[in-house]
Trainee: 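My questions all concern the structure below.
Counting starts at 1 for both ligands and their atoms, in listed order. Fair warning: this is a prediction, and the values are worked out from it, not measured in the lab.
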Amino acid sequence: MSHNRREFLALAAKVSALALSAPLAEGLTGLLPAATAKVRPSGVYGLLRPTGPITLTARSVTQLVPATGAAMLAYQAEQGGKTFHNPVLVLDSGQEFRARMVNALSGPHAAPTIIHWHGLDGDWRQAGHPSYAVPPGAHYDYAFTVTNRAGTYWYHPHPHGFTARQSYLGLASLFLVRDAEERALAKELDLELGVTDLPVTLQDKRLSAAGEFLYAPTADDLVMGYLGDEVLANGARRPVIEASSRIYRLRLHNGCTARIFNLTLQSGGRMLPFMLIANDGGLLESAQELTAAFLAPGERVEILVDLRGVEPGQSVALANAGFDPMHREHAGHSPAPDPHAGHGKAPDPHAGHGAASAPARAPLEEGAAYPILSLKVVRRERYERKVPSRLSTLPTPSGPLEPGPARRFELAFDRANGRWTIAGLTFDMDAAPVVVDRRTPQAWELIGAPDGMPHPMHLHGYFFRVLSRRGSPEQVARRAVDGKGRTALDLGLKDTVLVWPGETVAIAPDFGRPDYPGEQLFLLHCHNLEHEDQGMMLNVRVK
Ligand code: C2O
Ligand code: CU
Ligand code: CU
């Protein structure tokens with residue numbers, strides 16, 4: 001075993017031992033509300049229900065990283081005399097949303113920025129198109145009515161070329177919408193946001209010696225995606241949530257720049273089934289029982305975890321299960337990496353501050369098995385609720401369901417330029433290579449090159465349905481729930497869909513809903529944020 005590897009294992013052991021020790025666990029559970037805790041009133045990832053216009057100031061904040069207490073970038077907001085950082089915004093469908101984003105990024109972080117409300121309906125001027133990025137010292141005002149159905153949406157920066165770095169260094173959080181269907185389900189299952197209904201942002205990070213998030217991608221990382229060496233949940237290391245023997249709802253959000261998860265629930269070495277109730281676009285029509293779910297950057301899933309059969313003292317872990325991350329681009333690209341090093345390359349000494357002092361730890365392999373957080377049952381509760389057989393009614397598409405011939409988007413690596421492309425193109429701020437008429441139903445085929453890697457493809461402004469998956473790798477094909485090769489995660493409304501190498505995913509975006517006034521300019525891009533910043537993104541003009 002190499003020296004580094006040994007050190008890494010020793011550190012990992014220390015980290016997990018610490019995570020289980022009482023005083024620290026208490027500190028950590030404060031970040032993910034424990035079952036007994038009241039809704040976090042303020043602080044980092046606290047719930048913020050806007051009662052009027054809010055200001056979100058993008059800035060560096062000291063002592064904020066929950067795992068280490070180091071500085072990070074965050075959106076700071078004030079309401080009712082309380083200060084929030086990266087607030088989880090909670091709004092009702094139909095509510096007016098007014099926000100001013102202030103760019104207070106300074107020093108090494110000074111750069112243009114703009115907020116994108118991922119998954120939220122809004123005219124393109126409200127959606128954070130990169131052409132609206134504002135320089136340090138400037139601000140951007142948003143005002144729109146929340147017209148989405150209930151769901152777990154999110155917000156993050158979208159300035160072209162800086163999206164990955166700013167999101168990674170901390171600027172990202174959730175935007176929850178509630179409506180009547182949502183309230184009915186919460187009542188039926190006796191779920192309370194922040195107590196038994198827990199929003200969880202998952203992000204992998206590399207930490208500098210000082211405990212700060214370290215973003216220093218090498219040229220290879222820009223091609224494959226930048227992987228961290230540990231996974232944090234709401235910024236905390238393997239938090240332990242104290243729970244009672246009842247049903248919990250987890251709203252799981254992949255906020256990583258590149259890492260794909262294969263999420264499972266495990267207890268005492270066994271896999272526990274769970275219920276998938278919602279994805280990107282809100283509640284499914286009915287709950288789907290699963291034992292594993294792939295979750296790619298940008299995607300959200302909401303699951304119900306049933307702890308009724310778990311004895312007090314026992315825990316259920318949310319854990320990544322081993323899978324093949326399918327980095328087939330190695331085939332012709334640069335020399336084959338050392339199989340024991342994950343994507344690790346020697347840190348680039350010019351990569352920026354912190355790099356030189358960073359401990360040389362190997363990135364946590366994407367396909368490895370590792371725990372993320374756990375629910376520890378500490379008390380029994382009488383709980384006799386049943387998951388309703390019908391959760392929601394999906395909106396009917398604005399046009400016919402059977403669209404005409406599909407438009408093809410190949411996702412392939414351009415070896416000459418060292419960039420990932422969509423239909424042979426990379427981003428040009430001034431070009432709109434995709435033009436659609438909002439009255440014409442669309443079918444798009446997203447085609448993963450066989451010698452590529454997985455790409456989570458995201459469309460701004462509109463939701464789509466997944467029509468089919470063809471040529472899926474075995475690890476995906478065996479999860480199909482219908483004859484069209486779709487998995488449970490493809491049901492309902494999606495804004496981001498994972499396309500594996502060799503796979504063709506057919507989607508039907510609904511450009512008729514919402515019916516925004518006038519011509520619109522949105523984006524189609526890969527939500528591997530290194531890929532996006534490198535230009536795996538196209539403007540979409542909607543007429
Ligand atoms: Cu969440 Cu254009 O991205
Ligand atoms: Cu988006
Ligand atoms: Cu990609």
Trainee: In His458, what N, O or S atom is nearest to the Cu ion (ligand 2), if we give its atom name?
Mentor: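 Nearest to the Cu ion (ligand 2) within His458's N, O and S set: NE2.
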
Trainee: Would you kindly check if the NZ (Lys) or CZ (Arg) of Lys494 is within the cone defined by 45 degrees around the ring axis of Phe464 and under 6.0 Å from the six-membered ring centre?
Mentor: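 Ring-cation test returns no.
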
Trainee: Please answer whether the main-chain N or O of Asn103 pairs with a side-chain N or O of Arg59 as donor and acceptor at a distance below 3.5 Å.
Mentor: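 It does not hold such a pair.
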
Trainee: So, are Arg469 and Glu503 salt-bridged, with charged N and O less than 4.0 Å apart?
Mentor: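 Between Glu503 and Arg469 there is a salt bridge, with a charged N closer than 4.0 Å to a carboxylate O.
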
Trainee: Is any NZ, NE, NH1 or NH2 atom of the basic residue among Arg206 and Glu230 found under 4.0 Å from an Asp or Glu carboxylate oxygen of the other?
Mentor: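 Looking at Arg206 and Glu230, the cut-off is not met.
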
Trainee: Look at His156 and state whether any of its N, O or S atoms is less than 2.8 Å from atom 1 (Cu) of ligand 1.
Mentor: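 Here the distance criterion (N, O or S atom, under 2.8 Å) is met by His156, so yes.
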
Trainee: Looking at His118, pick out the N, O or S atom nearest to atom 1 (Cu) of ligand 1 and give its name.
Mentor: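 It is ND1 of His118.
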
Trainee: Using a strict 4.0 Å threshold on nitrogen-to-oxygen distance, state whether Asp204 and Arg259 make a salt bridge.
Mentor: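 Arg259 and Asp204: salt-bridged.
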
Trainee: Check whether the side chains of Thr152 and Glu302 place a donor and an acceptor atom closer than 3.5 Å, and report yes or no.
Mentor: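 Note: Thr152 and Glu302 side chains meet the donor-acceptor criterion.
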
Trainee: For the Cu ion (ligand 3), what is the closest N, O or S atom on His455?
Mentor: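 For His455, the N, O or S atom at the smallest distance from the Cu ion (ligand 3) is ND1.
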
Trainee: With a cut-off of 2.8 Å, does His118 place any N/O/S atom under that distance from the Cu ion (ligand 2)?
Mentor: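 No N, O or S atom of His118 is closer than 2.8 Å to the Cu ion (ligand 2), so no.
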
Trainee: Would you say His531 reaches the Cu ion (ligand 3) with an N/O/S atom under 2.8 Å?
Mentor: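 Given the 2.8 Å cut-off, His531 counts as a ligand of the Cu ion (ligand 3).
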
Trainee: Report yes or no: does His158 have an N/O/S atom closer than 2.8 Å to the Cu ion (ligand 2)?
Mentor: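 No, outside the cut-off.
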
Trainee: Is the distance from atom 1 (Cu) of ligand 1 to some N, O or S atom of His527 under 2.8 Å?
Mentor: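 It does: His527 brings an N, O or S atom closer than 2.8 Å to atom 1 (Cu) of ligand 1.
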
